[in-house]
Amino acid sequence: MKVAGKDYRTVWMENSSVFFIEQNLLPFEFRIGCATTYADCCVAIKTMNIRGAGALGAMAGFGMALAFLEASDDHFMEFVKKAKGEIESTRPTARNLFYATEKVFRSGIKSRDNAMEEAQKLADDDARDSKAIGELGNQLIKTGNGILTHCNAGWLAFVDYGTALSPIYLAHKSGKNIFVYVDETRPRNQGARLTAWELFNAGVPHTIIPDNAAAYLMSKGVIHMVITGADRIAANGDVANKIGTLEKAIAAKEFNIPFYVAAPSSTFDLECQSGAEIIIEERTEDEVLYQEGPDSSGNIHKILVCSPGSPALNPGFDITPAKYIAGIITEKTIIEPTAINIAKYIKT
Ligand code: MRU
């Protein structure tokens, strides 16, 4: 995607360095970070400087490849196994992260070059699949549609294009008159900070809404469809996505509004029979208690916005049961989420 007229991917590798857009600084500053060791990649993931299912997968794959480059011939297996474990312990919910470490690990055992090639292929596949999701998802969008999205499943959350936003970009580009309602997505505000920044840059008409405004707007008839991303999809079609997704899906059902999930095949986890088996990340209470932003001189400050002394609970994701989902837009087809359909899809 273009930023100030220049094409960027969210994360990319050059020689033995991994470059990435520092998402914690957006939308206030656009800066490129650099990781030269697998441990640097772990820090970028843990601090959420790189985030979003596909981007996490790409970064984890590149991190695994760096570990193979870093490993000396003596203690080789010990080193790369430890690195794999550390990368996988950075964040638990997004399936793409584990998919990537596994693939690059298997290739890297054959040779270091294979590890590098596999990591690059995973990133390229992610971008290709996101583009294809856009083409399929665009078929569902009609001119005049109001579309609700939650969190950031745009190009920043993947290597390029995004998933939930990919059809929206294409619909806008093909001249459809659409309007996007962007859930702010407390506590980290990925909607208000990242999705809004992406849509603004691309000239897509949109507005940020408070997280608790969606049902009201649905009742008013201005939202015609919902598209979100996914962090992990179980064998029965239950979907783990950013906290707050479930309540949007329930509200959409009430108002007869189709609720779509957009995700590549790498997000499916057939080892999880249902959403109940998906591990939900618990994040620090500070994300709820504090907010941050720039003062008039552009210096970023963190301020307490809750009652001092009160604790906060901060589950990062929730599970939307398959029954609320009209379809999962993948890179190959749109699936009605049942266990049979998903098993058939993964086999093809
Ligand atoms: O905690 P994050 O920001 O990494 O959350 C993941 C997400 O970006 C969302 O849940 C998204 O909708 C899934 S697809 C990237």
Side-chain angles (χ1 to χ4, degrees), residues 52-54 56-57 92-103 106 122 125-126 128-142 147-151 153 157-158 161-167 224-280 317-348:
L56 287 177
T93 307
R95 161 73 184 148
N96 311 55
L97 188 152
F98 300 83
Y99 177 86
T101 48
E102 195 58 46
K103 285 237 167 197
R106 283 190 192 175
L122 285 171
D125 287 355
D126 183 87
R128 181 202 61 203
D129 291 349
S130 294
K131 190 166 186 240
I133 285 170
E135 279 151 15
L136 274 176
N138 181 26
Q139 295 170 14
L140 300 166
I141 300 176
K142 296 187 189 70
I147 306 166
L148 178 77
T149 189
H150 190 67
C151 194
F158 289 82
Y161 301 99
T163 51
L165 294 194
S166 186
H224 306 102
M225 67 192 300
V226 184
I227 315 181
T228 73
D231 292 275
R232 197 178 285 249
I233 302 174
N236 70 344
D238 291 351
V239 166
N241 195 51
K242 182 52 57 190
I243 193 76
T245 304
L246 169 61
E247 62 192 44
K248 307 301 178 277
I250 295 170
K253 186 91 171 172
E254 172 66 23
F255 294 107
N256 229 349
I257 295 166
F259 182 97
Y260 291 101
V261 167
S265 304
S266 51
T267 307
F268 288 81
D269 181 1
L270 298 197
E271 281 175 19
C272 282
Q273 294 310 308
S274 77
E277 291 172 35
I278 297 176
I279 299 169
I280 300 294
F317 300 87
D318 58 26
I319 305 292
T320 299
K323 67 178 179 183
Y324 293 112
I325 301 166
I328 301 176
I329 309 163
T330 72
E331 70 276 18
K332 292 183 211 141
T333 184
I334 300 172
I335 312 171
E336 194 191 323
T338 65
I340 294 171
N341 289 348
I342 289 173
K344 219 192 281 172
Y345 169 74
I346 294 296
K347 267 192 205 141
T348 56

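Excluded from the calculations below are hydrogen atoms, water molecules and symmetry mates; all remaining heavy atoms, backbone and side chain alike, are included.
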Student: When rounded to the nearest 0.5 angstrom, what distance separates OG1 in T330 from CD1 in I233?
Tutor: 9.0 Å
Student: Walk me through whether I328 and Y345 qualify under side chain to side chain contact (heavy atoms under 4.5 Å, CB included).
Tutor: CA-CA 11 Å; I328 301 176; Y345 169 74; over 6 Å; no
Student: Quick check: closest heavy atoms across G275 and A234, and the distance to 0.1 Å?
Tutor: N-CB, 3.8 Å
Student: Could you give the distance from CG (D231) to CZ (R95), rounded to the nearest 0.5 Å?
Tutor: 13.0 Å
Student: Taking N341 for the side chain and I335 for the main chain, is one N or O donor matched with an acceptor at less than 3.5 Å?
Tutor: no
Student: Under 4.5 Å between any side-chain heavy atoms of P264 and T163, yes or no?
Tutor: yes
Student: Should I133 and I329 be marked as a side chain to side chain contact (heavy atoms under 4.5 Å, CB included) after you check the CA-CA gap, both sets of side-chain angles, and the distance that decides it?
Tutor: CA-CA 6 Å; I133 285 170; I329 309 163; 4.0 Å; yes
Student: With a distance cut-off below 6.0 Å to the six-membered ring centre and an angular limit of 45° from the axis, does R232 pair with F317 as a cation-pi contact?
Tutor: no
Student: Can you tell me how far apart NZ (K332) and OG1 (T348) are? Round to the nearest 0.5 Å.
Tutor: 5.0 Å
Student: Below 4.5 Å, heavy atoms only, C-beta onward: do L246 and I319 meet side chain to side chain?
Tutor: no
Student: Tell me whether D318 contacts the main-chain N or O of I243 through its side chain, where contact means a donor paired with an acceptor under 3.5 Å.
Tutor: no
Student: Tell me whether the guanidinium CZ or amine NZ of K248 lies under 6.0 angstrom from the six-membered ring centre of F259 and within 45° of its axis.
Tutor: no
Student: Enter the distance from R106:CZ to T101:OG1 here, rounded to the nearest 0.5 Å.
Tutor: 10.5 Å
Student: Any side-chain heavy atom of F98 sitting closer than 4.5 Å to one from D269?
Tutor: no
Student: Can any side-chain N or O of T228 pair as donor or acceptor with the backbone N or O of V261 at less than 3.5 Å?
Tutor: no
Student: Give me the atom names and distance for the closest heavy-atom approach of H150 to T245.
Tutor: CD2-OG1, 3.4 Å
Student: Hey, is the main chain of I279 close enough, under 3.5 Å, to the side chain of T93 for a donor-acceptor pair?
Tutor: yes
Student: Once rounded to the nearest 0.5 Å, what's the spacing between atom OG of S266 and atom CG of D125?
Tutor: 8.5 Å
Student: Crowded around K142 NZ? As in, over 12 foreign heavy atoms under 6.0 Å?
Tutor: no
Student: Please name the pair of heavy atoms, one in A53 and one in A230, separated by the smallest distance, quoted to 0.1 Å.
Tutor: CB-O, 3.7 Å
Student: Is the backbone N or O of Y161 less than 3.5 Å from a side-chain atom of S130, with the two atoms forming a donor-acceptor pair by type?
Tutor: no
Student: Which heavy atom of G229 sits nearest a heavy atom of A164, and at what distance?
Tutor: N-CB, 3.9 Å
Student: For A322, is there any backbone N or O sitting under 3.5 Å from a side-chain donor or acceptor partner on D238?
Tutor: yes
Student: Any sub-3.5 Å donor-acceptor pair from K253's side-chain atoms to K323's backbone N or O?
Tutor: yes
Student: Please give me the minimum heavy-atom distance between G137 and P167, naming the atom from each residue.
Tutor: C-CB, 3.5 Å
Student: Could you tell me the separation between the SG atom of C272 and the CG atom of N236, rounded to the nearest 0.5 Å?
Tutor: 9.5 Å
Student: Can you find a pair of side-chain heavy atoms, one from T320 and one from N241, that are under 4.5 Å apart?
Tutor: no
Student: Side chains of E331 and R128, heavy atoms from C-beta outward: is any pair under 4.5 Å?
Tutor: no
Student: Which heavy atom in I227 sits nearest to a heavy atom in T149, and how many Å separate them?
Tutor: O-OG1, 2.9 Å
Student: Heavy atoms, side chains only, cut-off 4.5 Å: are V239 and Y324 in contact?
Tutor: no
Student: Answer yes or no: does atom CD of E277 have more than 12 heavy-atom neighbours from other residues, nucleotides or ligands under 6.0 Å?
Tutor: yes
Student: Is the shortest side-chain heavy-atom distance between N96 and L56 below 4.5 Å?
Tutor: no
